[in-house]
Amino acid sequence: MLKPPQLSTTEAYLWDKVQSGEPLSDEDALSLYNSQNLAFLGALATLLREKLHGKVAYYNRNFHIEPTNICIYECAFCSFARKPGEPGGWEYSPEEIEAIAERYVGTGVTEVHIVGGVHPKRGIEYYADIIRRIKRILPHVHVKAFTAVELKVMCARSRMSYEEGLIALREAGLDSLPGGGAEIFHPDIRNQICATKADASEWLEIHRTAHRLGIPSNATMLYGHIEKYEHRIHHMRLLRELQSETGGFNCFIPLKYRRENNALSHLGEVSIIEDLKNYAVSRLYLHNIPHLKAYWPMIGRVTAQLSLSFGVDDLDGTIDDTTKIYSMAGGEEHPAMTTEELEHLIYSAGYVPLERDSLYRPVRPSPVIA
Ligand code: V47
Ligand code: SF4
């Protein structure tokens, strides 16, 4: 890509740094967050994005199961959780979960994403049973399940180490971990928004253990509430360090704080400009995490489309109306897109759609990029 004309000295320095493949420093990331030049941020993120993935934009065919929204925690940003007996709570039985899986037989889905509340009574054995039941119905589907926050509690309940718990779940059919529960690692913020659940070192240790066992995972960051840029950079620094140790993260997913029906509603929500800026800085700072994902049910279809020009190379996913975490917080009501709609959205943003599996392998040879 040609260096744009009329760059400031700092912008030209950052362009050369990214061009040469040198990692950005924390100061570089802060200066990008403080930049008002959105066009430059898009161009710089695209420089790295296209080095890594050319014009390809990945998507996958997945569905979500949220086994329960009963949760022992009370995160200030959460609109989804309920206490036992509270109206609006649900707990699917293993048979109800099987009935959800049955709906996807023969549909071509490649992944099931399972995340829920941290239930007061359920341990590793319960969740291993759920995975076994799903795999019996959908043997070829990749099971990406349970945040580090859920895993910490289910391991403790079953009196297992993280390693023992993960091995038991892997034997049942667990293939990878989603990136949820990370929120913002810095204790100054974490203590205000989700003080009692797994802290940064526990979240990182569970992912480190998974990577050591050959279980890949994702990472997220919940942004746009009370955190400052410094806290986002600190969060990403810890992820970048773990990635350089293990190489086990597949992708990073910035999650925009949504304000409906939760204790932080008074904060409002950040602008689309802030979303795009955050995608660009994430892409550039996390140079060693291969993929940057936009989760469209949370940010909407238009921002998802724009995000492709700010470093994003992956749109999640067909989803199929099965997630409530975001609709309860103000995201899309019935999130579902057909593969045709997703491909059209990607083409019309100037990129080439490629259906991937959960390990980013093409599901079928693409006539466009072959
Ligand atoms: O950890 C909860 C977030 C996460 C709100 O790995 C909220 O592919 C915004 O893990 N506003 C769970 N965000 C979701 C998750 C996930 C999602 C998409 C892809 C992947 C992946 C993982 O949802 C929680 C929390 O950070 N969340 N409430 C809210 N009001
Ligand atoms: Fe529970 Fe997760 Fe909601 Fe926190 S974000 S209250 S851990 S469901």
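Numbering of ligands and ligand atoms starts at 1, following listing order.
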May I ask you to check whether [X] has an N/O atom sitting below 3.5 Å from an N/O atom of ligand 1?
X: R258; result: yes
X: P178; result: no
X: C78; result: no
X: K144; result: yes
X: N218; result: yes
X: K293; result: yes
X: G180; result: yes

Next item on the list: Scan side-chain atoms only and decide if T68 and H119 contain a donor-acceptor pair under the 3.5 Å cut-off.
Entry: no

Note to self: Looking only at the side chains, is there a donor atom on one of E260 and S79 sitting less than 3.5 Å from an acceptor on the other?
What the structure shows: no

For [atom], find the nearest protein heavy atom and state the residue, atom name and distance (0.1 Å precision).
atom: atom 3 (Fe) of ligand 2; answer: C78 SG, 2.4 Å
atom: atom 1 (Fe) of ligand 2; answer: C71 SG, 2.3 Å
atom: atom 2 (Fe) of ligand 2; answer: K197 NZ, 4.3 Å
atom: atom 5 (S) of ligand 2; answer: F77 CE1, 3.6 Å

Check: Applying the 4.5 Å side-chain criterion to the ILVMFWY set and letting contacts propagate, would V118 and L151 be lumped into a single cluster?
Finding: no

Notebook entry, point to check: Does I65 share a hydrophobic cluster with I137, counting links as ILVMFWY side-chain heavy atoms below 4.5 Å and allowing steps through other members?
Noted result: yes

Check: Taking non-hydrogen atoms only, is C75 closer than 4.0 angstrom to ligand 2 via side chain, backbone, both or neither?
Finding: both

Checklist line | Enumerated ligand 2 atoms positioned under 4.0 Å from heavy atoms of Y73 | finding: 6 (S), 7 (S)

Next item on the list: Anything under 30° is parallel, anything over 60° is perpendicular, the rest tilted; go ahead and classify Y229 against Y33.
Entry: parallel

Next item on the list: May I ask you to decide if the ring planes of F63 and Y104 are parallel, tilted or perpendicular, using 30° and 60° as cut-offs?
Entry: parallel

Next item on the list: Could you check which of H225, E66, H113 puts a non-hydrogen atom nearest to atom 20 (C) of ligand 1?
Entry: H113

Next item on the list: Would you tell me which option among G181, S217, S79, S358 has the nearest heavy-atom contact to atom 1 (O) of ligand 1?
Entry: G181

Check: Do the ring centers of Y279 and F310 come within less than 6.0 Å of each other?
Finding: no

Next item on the list: Starting at OG1 of T10, measure out to CG of D28 and round the result to the nearest 0.5 Å.
Entry: 9.5 Å

Next item on the list: Check each heavy atom of Y295 against ligand 1 and say whether those closer than 4.0 Å belong to the side chain, the backbone, both or neither.
Entry: side chain

Item checked: Side chain, backbone, both or neither: N262 near ligand 1, heavy atoms under 4.0 Å -> side chain

Next item on the list: Answer yes or no: is there an ion pair linking R133 with E95, defined by an N-O contact shorter than 4.0 Å?
Entry: yes

Checklist line | Closest non-hydrogen atom pair between E245 and R208, with its separation | finding: OE2-NE, 2.7 Å

Note to self: Before you tell me yes or no, could you show the steps for R301 and M337 under side-chain contact (heavy atoms from CB on, under 4.5 Å), namely the whole-Å CA-CA distance, both residues' side-chain angles and the distance that decides it to 0.1 Å?
What the structure shows: CA-CA 10 Å; R301 293 162 200 234; M337 261 202 266; 3.3 Å; yes

Next item on the list: Please could you name the atoms of ligand 1 that L222 approaches to less than 4.0 Å, counting only its heavy atoms?
Entry: 7 (C), 9 (C), 13 (N)

Checklist line | Per-atom contacts, ligand 1 versus Y257 - under 4.0 Å to a heavy atom | finding: 9 (C), 11 (N)

